[in-house]
Amino acid sequence: MTATTKRPTSRDRERTRQAIIAATGQLLQERGMRFSLADVATVAEVSKSGLLYHFSNREALLVAVVEHAIARFRDEVMEHTDISENRAGKLLRGYVRALCGGSEDAIRTFAPSTHWAGIEEVPEVAELLRADAEWWRAAFLKDGLPAARTHAVRFAAEGLAAALAFDVAYVTQEELVMTRAALLELAEP
C-alpha cells in the first residue's frame, strides 16, 4: 500500500452503508421492487463491488432497509413519548403524536407507498415484520390502557398517517388538529 492510499475508516464504511440503504429506500419509493443492485450502486454513488461488500445480495439489502425503517419508526415514536408522563398510555400518546403530524419521517416510514408491495415476500423481511408487530403488541399491553381502547386509538392514528402520506389534501389542517386532540384524549387513563 502506498503512502497516499488509505483504507476506509469504519466511519466511512458506515456512511457508505447508510447511503446504500437510503438509495434503496429511494428506489423502492420510485420504482417499487423493480430495481437492480446496479441501480442502487448508481444512486448511492458507490461501485457495485462496494455495494456487495456491505450487502452480499438483494435480499440482505432489503432486510437492512426494513430493519432501518423499523428502528427509525420506533425512534420517532420514542422521541414523541414524554417519559415524564407517569400514567398509563404514554407510549400510545407518543405513537399518536408521531403519526398525527408530529413527524414527517414517522408518517413516511409507517405508510410507505404501494411500491413497497412484495417486499414481505422475502422470508427474512416477513419475519422482521412479524417480530415488529409482536413488539408493538407487547409494548402497548405494558402501556396500561385497556386493549380495546389502545387498538382503536392506534389504528385510527395509523389511518390518519396513511391519509397524511398522500400528497392530496385528504385531511385538512383543521381536521388533523381536531382528530389528533381527540386521539390524545382517548389515550388518557
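None of these values were measured; they are calculated from a predicted model.
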message: Testing the basics here: between Y170 and A163, what is the closest heavy-atom pair and its distance to 0.1 Å?
response: CD2-CB, 3.3 Å
message: Check for me, please, whether M78 and L99 land in the same ILVMFWY cluster - side-chain distances under 4.5 Å, paths through other members count.
response: yes
field: Expected output: side-chain R31 to main-chain Q26 donor-acceptor under 3.5 Å
entry: no
field: Residue pairs involving residues 43-60 (criterion salt bridge (Lys or Arg N to Asp or Glu O under 4.0 Å); sequence neighbours excluded)
entry: none
- prompt: Is it true that the side chains of S36 and D39 contain a donor and an acceptor less than 3.5 Å apart?
  reply: yes
query: Are side-chain heavy atoms of V65 and H68 found at a separation under 4.5 Å?
result: no
- prompt: So which heavy atom on I21 is nearest to which on A64, and how close?
  reply: CD1-CB, 4.2 Å
- request: Looking only at non-hydrogen atoms, find the nearest pair between V66 and L128 and report the distance.
  value: CG1-CD1, 4.1 Å
task: Tell me whether M33 is reachable from L129 by hopping between hydrophobic residues (I, L, V, M, F, W, Y) whose side-chain heavy atoms are closer than 4.5 Å.
output: yes
Closest non-hydrogen atom pair between I20 and G50, with its separation: CD1-O, 4.4 Å
message: Regarding R15 and D12, does a basic nitrogen lie under 4.0 Å from an acidic carboxylate oxygen?
response: yes
message: Just verifying a value: how many Å separate L51 CG and L37 CG, rounded to the nearest 0.5 Å?
response: 5.5 Å
message: Tell me whether E127 at atom CD has more than 12 heavy atoms from other residues, nucleotides or ligands lying less than 6.0 Å away.
response: yes
field: Any donor-acceptor pair under 3.5 Å from R149 side chain to P146 backbone
entry: no
query: What ring pair (Phe, Tyr, Trp, His ring centres under 6.0 Å) pairs are there with at least one residue in residues 12-58, not counting sequence neighbours?
result: none
- request: Might you work through the side chain to side chain contact (heavy atoms under 4.5 Å, CB included) test for E14 and Q18, ending with a clear yes or no?
  value: CA-CA 6 Å; E14 184 56 27; Q18 291 305 315; 2.7 Å; yes
- request: Tell me, please, which residues at least two apart from F140 pass ring pair (Phe, Tyr, Trp, His ring centres under 6.0 Å).
  value: Y95, W136
- prompt: Between R93 and D82, does at least one N-O distance fall below 4.0 Å, as a salt bridge requires?
  reply: no
- prompt: If Ile, Leu, Val, Met, Phe, Trp and Tyr residues are connected whenever their side-chain heavy atoms lie under 4.5 Å apart, and connections chain through other members, are I107 and V177 in the same group?
  reply: no
- prompt: What distance do K90 atom NZ and L145 atom CG have between them, rounded to the nearest 0.5 Å?
  reply: 12.0 Å
message: Between E158 and R154, does any NZ, NE, NH1 or NH2 come within less than 4.0 Å of an OD or OE carboxylate oxygen?
response: yes
Sidechain-backbone polar pair: E120 side chain, G118 backbone, donor-acceptor under 3.5 Å: yes
- request: Provide the closest heavy-atom pair for E76 versus A106 in the form atom of the first, atom of the second, distance.
  value: CB-CB, 3.9 Å
Residues I70, R74; criterion side chain to side chain contact (heavy atoms under 4.5 Å, CB included); working and verdict: CA-CA 6 Å; I70 287 170; R74 285 185 191 174; 3.9 Å; yes
- line: Smallest heavy-atom separation, A23 atom then V40 atom, equals CB-O, 3.9 Å
- line: The side chain to side chain contact (heavy atoms under 4.5 Å, CB included) partner of L92 among T81, V77, D143 is D143
